[in-house]
Amino acid sequence: MYAQNIIKMENNKIAVGLDIGTTKIVAMIGRKNEYGKLEVLGIGKAKSLGVKRGVVNNITQTIQSIQQAVDEAQSVSGYQIENVVVGIAGQHIRSLHHSDYITREKSDEVIDNTDIDNLVEQVHKLVMLPGEEIIHVLPQEYKVDSQPDIKEPIGMYGGRLEANFHVVVGQVSSIRNIGRCVKSAGLSLSDITLEPLASASAVLSQEEKEAGVALIDIGGGTTDLAIFKDGIIRHTAVIPFGGNVITEDIKEGCSIIEKQAELLKIKFGSAWPGENKETEIVSIPGLRGREPKEITLKNLSKIIHARVQEIIEHVYLEIKNYGHETQKGKLIAGIVLTGGGSQLKHLRQLVEYITGMDVRIGYPNEHLAGDSDDVLSSPAYATAVGLLMEGLEREEEVVEEITPEVEEPVFERKEEETVVEEEPIKKEEIQKGKSKSFFEKFTERFKEFLDNAE
């Protein structure tokens, strides 16, 4: 049985990304083809009814929406979904910068993964505000003894290992609620990823991350920001405004129902008021027996423009806080917009005007196989594609850890695993894998946390 599982994982590594958003919940199941591109086997989508601004506020409705999306993905793909990689965002997410160091007892030996892990573990012991937990610890650059700006200290000699960290923090209750929904939907949580990081994996190139780029993911309930420079994540932020706030403003400003406001935004909405003439009018059917309403597109774009400008200015303030105006922090690749909200007409031009930076729309099609459905390359699916990529990377790591380096017939592997002499090799493999994902420890702790809360 064990050997069969290995074959299945090696030949058919499949993962599932679950994007629990404010507007929609997406379950995406896929694998990598022979060219290393993503082959999406099935996708399920459900209206998100129990999430507000990235935070679960109705457990029952969220569970139902997750089950609906997962059932659809299962019926399309023909695969049974058990493990999922979940994205986490929401207004409770905040980030901070922290420096820490360890003094090594054996300075005559080279720095290895154990030292890095000890340093990261020390950061995890930071005292947070009541009800908060560290989600992610991202090393920026290291310092060995007095030598600064080291990207990879492994293999170097030194007595004092120091590092700057970008620490992402979230509310325990909000994280736990997401875990509870996933578990109650009959699924197992294989990993948790910060949503802006998942979106970045899907739409940014390595060159952009090296040059310096700000990713703005405009979702339904929140706008997520991730800034990269020299290939390293430098700053993250979650702004509690998104596309839904624009819809709400249209609803109030034009005295129409939400469904009509959303359609109006998608079909005729523009972020640039100068584009529409006063004479351009759209007629909206009135409610039961009432006269239809006439709305000028000029007024519509004024409402949209005011709210979008507010969102972009919030994001731009975060970019300024990071220090993009300094020579060291300059973002040469500018801004990449993604998420469902980035599809608003003339948004790119408005962001360019406000920030004075180069702007492009980020589509996740670079990583998708050539025969993929056009719908999947929409910016609205960037997070789901990114989560699926994270899941597949994790599957590859697991196979690397389990598979012995010496090539042997598959049916003999079961016996090899039980032999005591094999243990050092396994530990070494796992040690290699440890440094790949700082999330693994958090996921394990989080699973224990959920089990204890039963």
Side-chain angles (χ1 to χ4, degrees), residues 21-24 47-48 52-53 214-225 239-320 334-363 374-375 377-382:
T22 306
T23 313
K24 64 184 188 310
K47 194 168 168 57
S48 182
K52 192 174 182 184
R53 291 186 175 170
L215 177 82
I216 303 173
D217 184 348
I218 307 170
T222 59
T223 298
D224 304 334
L225 171 72
I239 287 108
F241 302 113
N244 286 4
V245 192
I246 301 167
T247 306
E248 193 67 29
D249 283 0
I250 297 167
K251 183 182 121 180
E252 297 295 325
C254 301
S255 302
I256 54 176
I257 61 169
E258 196 171 328
K259 195 178 175 183
Q260 291 172 334
E262 184 66 24
L263 275 170
L264 206 56
K265 180 181 80 174
I266 294 164
K267 279 197 163 188
F268 303 104
S270 166
W272 201 268
E275 283 298 311
N276 302 111
K277 298 181 184 77
E278 294 282 358
T279 50
E280 290 177 308
I281 292 169
V282 62
S283 182
I284 290 178
L287 295 172
R288 205 170 193 169
R290 292 169 181 83
E291 290 291 309
K293 276 199 170 66
E294 288 190 342
I295 294 158
T296 66
L297 294 188
K298 187 105 178 159
N299 280 346
L300 176 68
S301 61
K302 274 180 183 171
I303 293 167
I304 294 170
H305 173 80
R307 183 57 86 174
V308 170
Q309 191 170 0
E310 188 188 352
I311 294 168
I312 298 307
E313 279 170 359
H314 268 86
V315 177
Y316 193 41
L317 186 65
E318 288 288 345
I319 295 172
K320 280 180 179 171
I335 291 170
V336 176
L337 296 170
T338 195
S342 68
Q343 296 172 99
L344 186 65
K345 274 197 276 277
H346 307 115
L347 178 66
R348 188 177 64 82
Q349 290 87 331
L350 179 66
V351 176
E352 271 182 358
Y353 177 75
I354 292 171
T355 63
M357 296 163 81
D358 289 338
V359 181
R360 76 169 178 91
I361 306 291
Y363 298 93
D374 288 343
V375 177
S377 59
S378 159
Y381 291 107

**OP:** Check each of Lys302, His305, His346 against Ser270 using the side-chain hydrogen bond (donor to acceptor under 3.5 Å, both in side chains) test, and report the only one that passes.
**Re:** His346

**OP:** Evaluate side-chain contact (heavy atoms from CB on, under 4.5 Å) for Phe241 paired with Arg307, printing each intermediate quantity in order.
**Re:** CA-CA 9 Å; Phe241 302 113; Arg307 183 57 86 174; 4.2 Å; yes

**OP:** Working to the nearest 0.5 Å, report the span between CD of Gln343 and OG1 of Thr338.
**Re:** 8.5 Å

Measuring only between side-chain heavy atoms, which start at C-beta, is [X] closer than 4.5 Å to [Y]?
X      : Y      : answer
Ile218 : Leu347 : yes
Ile295 : Ile281 : no
Ile335 : Asp358 : no
Ile256 : Leu264 : yes
Trp272 : Arg348 : no

**OP:** Decide, yes or no, whether a salt bridge links Glu262 with Lys259 under the criterion of side-chain N to carboxylate O below 4.0 Å.
**Re:** no

Original post:
In this structure, are over 12 heavy atoms from other groups packed under 6.0 Å from Glu313 atom CD?
Top reply: yes

**OP:** Decide whether Asn299 and Thr296 meet the rule of one side-chain donor and one side-chain acceptor closer than 3.5 Å.
**Re:** yes

Subject >> Cation over ring face, Lys24 and Tyr381, 6.0 Å, 45° >> reply: yes

**OP:** Could you please spell out the steps behind the side-chain contact (heavy atoms from CB on, under 4.5 Å) verdict for Lys293 and Cys254?
**Re:** CA-CA 9 Å; Lys293 276 199 170 66; Cys254 301; 5.9 Å; no

**OP:** Using the side-chain contact (heavy atoms from CB on, under 4.5 Å) rule, pick out the option among Ser342, Pro379, Ser378 that qualifies with Tyr363.
**Re:** Pro379

Subject >> Residue among Leu300, Asp249, Ile246 satisfying side-chain contact (heavy atoms from CB on, under 4.5 Å) with Lys265 >> reply: Ile246

Subject >> Heavy-atom closest contact (Gly242 atom, Ile311 atom, distance) >> reply: O-CD1, 4.0 Å

**OP:** Kindly determine whether Lys251 and Ile257 satisfy side-chain contact (heavy atoms from CB on, under 4.5 Å), including the steps that lead there.
**Re:** CA-CA 6 Å; Lys251 183 182 121 180; Ile257 61 169; 5.9 Å; no

